[in-house]
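One structure is given below, encoded as structure tokens.
Every chain is numbered from 1 and lettered A, B, ... according to where its sequence line falls, protein lines coming before strand lines.
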Amino acid sequence: MHVPDGFLDAPTSMATAVVAAAGVGLALSRARRELDDRTAPLAGLVAVFVFAAQLLNFPVGAGTSGHLLGGTLAAVLVGPWTATLCLTVVLTVQALLFADGGITALGTNITLMGLVGVWAGWAVFTSLRRLVRSRGLAAVPALAGVAAFASVPVAALAFTLLYAVGGRAPIPLGELVAAMVGWHTLIGLGEGFITFLAVGSIIATRPDLVHGARSLVHARALEIRTDARA
Amino acid sequence: MTTPVLDVRGLAFAYPDGHQALFGVDLHVHRGERVALLGPNGAGKTTLVLHLNGILEAGAGSVSVSGMPVVRENHLEVRRRVGIVFQDPDDQLFMPTVRDDVAFGPANLGLRGEALEARIAKALEAVAMGEFADRAPHHLSFGQRRRVAIASVLAMEPEILVLDEPSSNLDPTSRRELGELIQSLDVTVLMVTHDLPFALQLCERSVILSDGVVAADGPTRAILDDVGLLRAHRLELPWGFTG
Amino acid sequence: MTTPVLDVRGLAFAYPDGHQALFGVDLHVHRGERVALLGPNGAGKTTLVLHLNGILEAGAGSVSVSGMPVVRENHLEVRRRVGIVFQDPDDQLFMPTVRDDVAFGPANLGLRGEALEARIAKALEAVAMGEFADRAPHHLSFGQRRRVAIASVLAMEPEILVLDEPSSNLDPTSRRELGELIQSLDVTVLMVTHDLPFALQLCERSVILSDGVVAADGPTRAILDDVGLLRAHRLELPWGFTG
Amino acid sequence: MGAGLGSHLHIEGDSLVHRLPAHVKLVALVSFILLVVALPREAHLARVAMLLTALAVVGLTRVRWRHVLARLVVETPFVVFALVLPFVATGPTREVGPFTVSHDGVAASIVLLLTATTSCLMAIAFATTTSSRDLVRALQHLHVPDRLVQILAFMVRYLGVVGSQSQRMKVARESRGFAPRSLGGWPVIASSAGALFIRSYERGERVHLAMMSRGYDGRMPVTDPLEADRRDWARGLAPTVLALLALVWVHAA
């Protein structure tokens with residue numbers, strides 16, 4: 001979904017850049033609450049993880065393979081604000097060092113994947129959690145999976161809307177929506193399933209690392225020993 | 001008696017998940033000493049180290065460095081005085097070049113310009129890595145990265161150097177060279193290790209930490225000769241060692 | 001003479017970036033042998049190991065396992081026959097439980113149901129980790145994780161077990177226990193290490209790999225006694241070792 | 001073992017482009033591409049001129065063309081899109097040989113191909129001549145929010161470390177007979193991703209500890225600020241000036 005330079009016209013690129021800047025600005029101030037002063041190193045390494053996860057190819061069948069986009073996965077693992085920062089940095093590095101995604105389209109790409117992708121997934125995740133009213137950890141991977149599935153066609157829809165506004169050639173909009181959303185629903189299935197499994201495997205080992213599953217931990221009184229053998 | 005460089009009294013600590021790692025540790029290190037902190041995996045060695053510069057806050061008891069209590073207001077000064085070299089150099093070398101990494105600590109203390117350059121040069125000189133200043137850490141060998149990690153801490157001119165498992169993962173020659181390097185440094189050293197021959201070679205005094213308390217404290221030779229003591233704390237000299 | 005379990009002939013290899021790591025390696029390991037592969041960092045040891053099961057493809061020369069050439073068509077069978085235990089157990093253990101990790105290899109070979117269960121039980125038994133089957137590898141100690149990594153490879157019932165730096169990062173007791181474990185296994189072993197005492201204790205024969213070629217091959221005792229040979233390849237016995 | 005991710009992006013050299021200060025290059029890159037994108041739709045000739053400008057800049061870097069071509073592969077999906085566009089776009093049509101194509105579609109296709117290729121080439125010229133350290137310093141110099149710069153710096157620094165971790169995990173999986181060929185491989189891939197996340201996160205925590213131990217207070221110290229003189233700016237902004245001239249010329253014509 002990485003939009004290159006020249007794909008959308010200049011006004012649309014500018015407008016999305018403003019939206020992206022505002023979103024990232026807000027995320028910068030809010031992410032502190034999710035990770036306190038550990039934001040920079042942790043978000044940096046989570047960004048590396050998102051980048052590496054995008055390299056993990058999973059077979060879709062018929063000889064083709066897909067890869068994770070990772071927006072919802074990151075939001076469930078480290079919180080949506082930090083996830084927005086991580087995706088922003090991943091997209092910036094891809095544009096500046098890998099020539100993947102345009103430089104004037106960076107705002108568009110951040111808006112689509114870092115804002116819409118992350119927050120659509122997070123919104124679905126939190127509303128489902130409220131709906132299910134589950135207090136246990138068991139439901140979290142499934143909810144994350146559904147949210148990740150939903151986020152992909154939503155981001156594709158946003159992409160189509162942007163194209164409708166700022167595309168350089170008129171394409172029948174209905175058909176474009178149908179093609180994009182249809183195709184991305186399929187990709188979303190893979191994204192959702194892998195997110196479900198990945199969150200599940202992390203919850204099985206380190207539930208405390210899953211932002212979307214923070215549970216209460218009880219403090220205990222300290223014990224003082226005077227002998228090496230308890 | 002002079003004020004100890006490191007003064008740990010009745011230190012106890014539990015992690016937020018409820019796991020208690022330290023149960024009242026007493027430890028004093030004086031200027032110029034080289035002390036080995038021995039103990040099996042899970043004895044609380046790393047937890048203790050993270051208290052020495054206030055990364056973890058004591059649940060009970062206290063830590064002082066040259067008389068200065070390790071509390072939040074003193075953090076910057078305490079972190080200058082206590083230099084910790086972590087086990088994995090990749091955790092410690094996070095900057096793009098060796099020079100930037102060595103500069104990081106002193107720059108946080110406010111050094112700039114020539115004073116900073118001089119610090120960097122001196123620290124890299126001490127670990128014999130001067131010619132690698134402009135290299136990226138990931139292009140160095142593991143042994144070289146560990147030397148740079150030590151330089152990055154020496155550049156803060158600490159009063160005590162704390163080394164976490166300095167000999168781990170080194171090939172035999174690198175291990176010997178590192179031992180010679182540590183002996184050549186004119187600084188108080190606390191060395192966390194389970195490499196007992198390395199401890200015997202470098203440290204006159206050893207402390208055994210086991211189950212979160214100090215189980216023994218004395219001359220390294222005497223401690224390593226006490227087979228019963230070692231065995232009780234899952235320690236032993238390697239096969240064939242008769243140093 | 002019988003077919004060697006491992007038969008490496010004239011193996012040369014260069015990485016895609018042009019760096020040549022192997023320059024014609026010859027190595028034969030026979031059934032029941034325990035051979036130590038010694039050499040300094042950067043000698044090409046890991047590169048050689050990755051050729052033994054076809055992860056890397058020979059640029060020149062050949063590798064055969066019990067007579068079967070290591071080529072693409074034979075990969076699955078070769079990977080069953082050659083069990084590699086990597087240096088960092090965390091690279092190898094990625095499933096939520098110990099049982100799942102040990103099941104991974106045999107399941108890839110097509111085992112299911114009771115046959116699979118029996119394999120898992122037997123492999124965990126061999127490394128004395130049977131009671132940990134339902135634990136998360138992440139929550140085990142480093143030494144325990146290394147044992148599980150060995151079990152995860154033993155479960156494939158390999159003809160040769162290749163261990164990459166098995167004693168690294170272990171505390172002394174875990175190291176001794178691992179040595180006893182390796183001696184107790186009824187399998188051909190190739191052990192990559194720079195822990196020379198460990199090699200002497202476990203392996204009757206040693207091979208020195210240096211600069212991508214075999215520099216020496218003979219009884220471990222004779223090789224370790226040749227101080228000049230060791231020094232020429234950045235190897236040395238640790239201080240105090242007189243085994 | 002292989003060098004890991006990201007290490008072949010920057011290629012050592014001593015060309016004119018290599019020697020330019022990184023912040024000058026970054027400003028030049030962004031302003032040039034902004035102007036190219038701003039060219040009106042019909043200005044195909046000006047666009048070709050900009051493509052040639054980008055090719056000239058890549059030539060000045062003295063990086064081997066084979067490497068540049070390999071890096072251009074990222075553009076492929078949109079080249080495909082551009083080639084399809086004339087057949088799916090609406091509006092007035094015309095006949096080209098046996099095909100009926102949309103007039104607007106052809107125009108948009110040409111715009112996309114020229115612009116995306118020009119921008120890719122310029123970005124490659126930037127990436128191959130700028131070390132990650134200088135990129136970080138440039139962003140710092142240009143007052144990009146510090147926290148964002150830090151996150152990016154950590155990402156670039158640990159790309160190789162985590163990448164080789166991920167690579168070693170893949171080798172270990174394959175060594176036990178795993179081949180990702182079917183849907184059955186998904187749980188394995190996902191478990192690996194989970195394990196990789198835990199390792200990345202825990203490394204992040206350890207890095208943070210190591211930083212705090214050396215007096216880190218949330219701000220990255222600037223020890224070695226970038227400097228540029230007028231000549232650097234003049235050289236660096238030359239393509240931008242060309243693009244500006246092209247834009248003015250197109251509007252004047």
message = As a quick check of understanding, evaluate side-chain hydrogen bond (donor to acceptor under 3.5 Å, both in side chains) for T104(A) and D5(A), giving each step before the final call.
response = CA-CA 6 Å; T104(A) 57; D5(A) 284 310; 2.3 Å; yes
Is the shortest distance from a Lys or Arg side-chain nitrogen in D134(D) or K25(D) to a carboxylate oxygen in the other one below 4.0 Å?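 Salt bridge between D134(D) and K25(D), a charged N being under 4.0 Å from a carboxylate O: no.
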For residues [X] and [Y], establish whether the separation of their ring centroids is below 6.0 Å.
X       : Y       : result
F49(A)  : Y201(D) : no
Y163(A) : F7(A)   : yes
F51(A)  : F98(A)  : yes
W81(A)  : W119(A) : yes

Please give me the minimum heavy-atom distance between A38(D) and A10(A), naming the atom from each residue.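 Distance-wise, the nearest heavy atoms are CA-CB, 4.5 Å.
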Relative to chain A, which segment of [X] carries a heavy atom at a distance below 4.5 Å: side chain, backbone, both, or neither?
X       : answer
F126(D) : side chain
V106(D) : neither
L26(D)  : side chain
P187(D) : both
E75(D)  : neither
R47(D)  : side chain

Chain A interface, residue from [options] that has the most non-hydrogen pairs under 4.5 Å:
options                            : result
I124(D), L85(D), L114(D)           : L85(D)
M211(D), R157(D), E205(D), Q150(D) : E205(D)
M220(D), M212(D), H208(D)          : H208(D)
D217(D), I198(D), V207(D)          : I198(D)
S200(D), G91(D), G105(D), G218(D)  : S200(D)

Please rank [options] by heavy-atom pairs under 4.5 Å with chain D and give me the top one.
options                        : value
V24(A), L8(A), V93(A), T92(A)  : V93(A)
G200(A), G167(A), P172(A)      : P172(A)
A198(A), S13(A), P4(A), A31(A) : P4(A)
A40(A), A27(A), P11(A)         : A40(A)
I171(A), I202(A), V90(A)       : I202(A)

### Task
Could you give me the CA-CA distance, side-chain angles and deciding distance for T93(D) and S102(D), then say whether side-chain hydrogen bond (donor to acceptor under 3.5 Å, both in side chains) is met?
CA-CA 4 Å; T93(D) 59; S102(D) 150; over 6 Å; no
If I take atom CD1 from residue I110(A) and atom CG from residue L87(A), how far apart are they, to the nearest 0.5 angstrom?
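I110(A) CD1 to L87(A) CG: 9.0 Å, rounded to 0.5 Å.
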Checklist line | Part of T195(A) within contact of chain D (heavy atom distance under 4.5 Å) | finding: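 Neither part; nothing is under 4.5 Å.
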- Task: Sort A95(A) into side chain, backbone, both or neither according to what part of it lies under 4.5 angstrom from a heavy atom of chain D.
- Result: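 Backbone only.
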Worksheet item: Under 4.5 Å between any side-chain heavy atoms of V46(A) and I151(D), yes or no?
Response: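 No, side chains not in contact.
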(request) Determine, stepwise, if the pair L29(D) / I103(A) fulfils side-chain contact (heavy atoms from CB on, under 4.5 Å). (result) CA-CA 9 Å; L29(D) 172 70; I103(A) 285 156; 3.4 Å; yes
